[in-house]
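Taking it in order: structure first as structure tokens, then the write-up.
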Amino acid sequence: LVIRDDGSIGVGTSTPSFQFHMVGSAPNMTIQRYSDSTTPPVFRGWKSRGTTSVPSAVLSGDGLASFIAGGYDGSGSFDTASIQMIAEENFTGSSNRGTYISFNTNAVGAAAASGGYERMRISSAGNIGIGTTSPATTLDISGGVQIKKVDTNTSLSMYGLNSGSFGFQQAFYKSRQTSGVDAIVQNGDRTMEIRTYGYDGSVYQTSTKIMAEVDGVATLNSVPGRLTFYTTKLGETTYAERMRVDNAGNVGVGTTNIFD
């Protein structure tokens, strides 16, 4: 144990680089509390601006506490993953202390980022964002989602629990977005697609499909749409359209040309 004249403490090292620096072949830290209360051991990080003698309030974007992990790559040690607690607004009083938690990792083959790149966020409203830093709903995912369960029964249940007449709603949104800017959809654009797959002994093959498409020219306040239904015939390898409902509500079975 070394305590330097600047107040830094070294355990397993005589040259601590931080206020508390532990070095060893298997360093571990345990915080243990003996108490009859329900209060657990606490690791607390507090942040303020200003100085020790004259502190000032933190501002939006200030880091409040971080847990950071990294590794040695042959030339130096780098921070590559972290959990960070960050102020989401200026702290100005008892009612203005909004915070969010950021979860960060570094991709395989990527250069080391300081603490990693943000992958998930829990906002001050309690919303969880994966692939987005501004989650607008309880769970907001930007990217693909796969749900898998190895069992005899696999299900996804959705409940709409409220005092009104509305049930659960699942919404699909489409735009011709480039560089984060929305652009109007075009005739034939797919706005939703649901597919089912079955294992054929070698690979998974598409069995059925339901698709929603833009059915005409989209204009301000009006996006015409159609639904198409596909199945795969016995003995065949690809699905084909069997029925469609066009933007006027006309139904075609076995034909894509529907007339009023």
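Side chains are part of it too, since the values below use all heavy atoms of this structure and drop only hydrogens, waters and symmetry mates.
No donor-acceptor distance shorter than 3.5 angstrom exists from the side chain of Thr92 to the backbone of Asn96, with no hydrogens or angles considered. Between the side chain of Asn90 and the backbone N or O of Ser60, at least one donor-acceptor pair lies under 3.5 Å. Side chain of Asn247 to backbone of Asp215: a donor-acceptor contact under 3.5 angstrom is found. With Ser207 contributing its side chain and Thr196 its backbone, the two residues share no donor-acceptor pair below 3.5 Å.
Note: Ile83 CD1 to Thr105 OG1 = 11.0 Å, rounded to the nearest 0.5 Å. Rounded to the nearest 0.5 Å, atoms CG (Asn257) and CZ (Arg244) are 8.0 Å apart. From Thr256, atom OG1 reaches atom CG of Asp246 across 11.0 Å, with rounding to the nearest 0.5 Å. Within the model, atoms CD of Glu118 and OG1 of Thr133 stand 6.0 Å from one another, a figure rounded to the nearest 0.5 Å. Within the model, atoms CG of Asn28 and CE of Met22 stand 8.0 Å from one another, a figure rounded to the nearest 0.5 Å. Atoms CG and CZ, on Asn106 and Arg119 in that order, are 7.0 Å from each other to the nearest 0.5 Å.
Under the 4.5 Å side-chain heavy-atom criterion for Ile, Leu, Val, Met, Phe, Trp and Tyr, Leu139 and Ile101 are members of the same hydrophobic cluster. Follow the hydrophobic side-chain contacts under 4.5 Å out from Val223 and you never reach Val181; the two are in separate clusters. Hydrophobic clustering, with ILVMFWY side chains joined whenever heavy atoms are under 4.5 angstrom apart, keeps Ile210 apart from Val214. Ile3 and Val11 fall within the same hydrophobic cluster, where Ile, Leu, Val, Met, Phe, Trp and Tyr residues are linked whenever their side-chain heavy atoms come under 4.5 Å apart, directly or through other members. The hydrophobic clustering, which links ILVMFWY residues whose side-chain heavy atoms are closer than 4.5 Å, places Met85 and Leu59 apart.
Counting only heavy atoms from C-beta outward, the side chains of Asn187 and Val217 never approach each other to under 4.5 Å. In this structure the side chain of Ile128 reaches within 4.5 angstrom of the side chain of Met120, judged on heavy atoms. Contact annotation: the side chain of Ser82 never approaches that of Ser66 to less than 4.5 Å [non-hydrogen atoms, C-beta and beyond]. Contact annotation: the side chain of Arg190 never approaches that of Lys174 to less than 4.5 Å [non-hydrogen atoms, C-beta and beyond]. Residues Phe229 and Thr231 are not in side-chain contact: their nearest non-hydrogen atoms beyond the backbone lie 4.5 Å or more apart.
Heavy atoms from other residues, nucleotides or ligands lying under 6.0 Å from CZ of Phe168 number more than 12. Annotation: Phe166, atom CZ; neighbour count of heavy atoms from other residues, nucleotides and ligands within 6.0 Å does not exceed 12. With a 6.0 Å radius and a threshold of 12 heavy atoms from other residues, nucleotides or ligands, Gln19 has its CD atom at or below the threshold. A 6.0 Å sphere centred on CD of Gln169 holds no more than 12 heavy atoms belonging to other residues, nucleotides or ligands.
Between Tyr239 and Tyr230, the angle of the ring planes goes over 60°, which puts this pair in the perpendicular group of the 30/60° scheme.
When every heavy atom of Pro16 is checked against every heavy atom of Ile9, the shortest pair comes out as CB-O, 3.6 Å. Between Asp140 and Thr132 the shortest heavy-atom distance is O-CG2, 3.5 Å. Here the shortest heavy-atom pairing between Val185 and Arg176 reads CA-CG, 4.3 Å. Contact between Thr255 and Glu241 at its shortest, heavy atoms only, is O-OE2, 4.4 Å. Closest approach of Thr206 and Arg195 over heavy atoms only: OG1-NH1, 4.1 Å. Shown here for Gly45 and Ala65, the closest heavy-atom pair between the two residues is CA-CB, 4.1 Å.
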Stepwise side-chain contact (heavy atoms from CB on, under 4.5 Å) check, Met243 with Val253: CA-CA 4 Å; Met243 184 177 74; Val253 180; 4.0 Å; yes
Please step through side-chain contact (heavy atoms from CB on, under 4.5 Å) for the pair Thr99 and Phe91, ending with a clear verdict. CA-CA 10 Å; Thr99 56; Phe91 281 26; 3.8 Å; yes
Step by step, work out the side chain to side chain donor-acceptor pair (under 3.5 Å) result for Asp200 and Ser202. CA-CA 6 Å; Asp200 68 359; Ser202 176; 4.7 Å; no
Is there a side-chain contact (heavy atoms from CB on, under 4.5 Å) between Gln205 and Thr237 once you walk through the steps? CA-CA 8 Å; Gln205 299 284 0; Thr237 59; 5.5 Å; no
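In this view, Tyr34 satisfies the ring pair (Phe, Tyr, Trp, His ring centres under 6.0 Å) rule with no residue, not counting sequence neighbours.
Between the side chains of Gln177 and Asp182, at least one donor N or O sits under 3.5 Å from an acceptor N or O. Side-chain polar atoms of Asn104 and Ser102 form a donor-acceptor pair below 3.5 angstrom.
Of the listed residues (Ile194, Leu227, Thr228), just one forms a side chain to side chain contact (heavy atoms under 4.5 Å, CB included) with Met211, and that residue is Thr228.
Taking a 4.5 Å side-chain heavy-atom cut-off between Ile, Leu, Val, Met, Phe, Trp and Tyr, the cluster of Tyr100 extends to Ile86.
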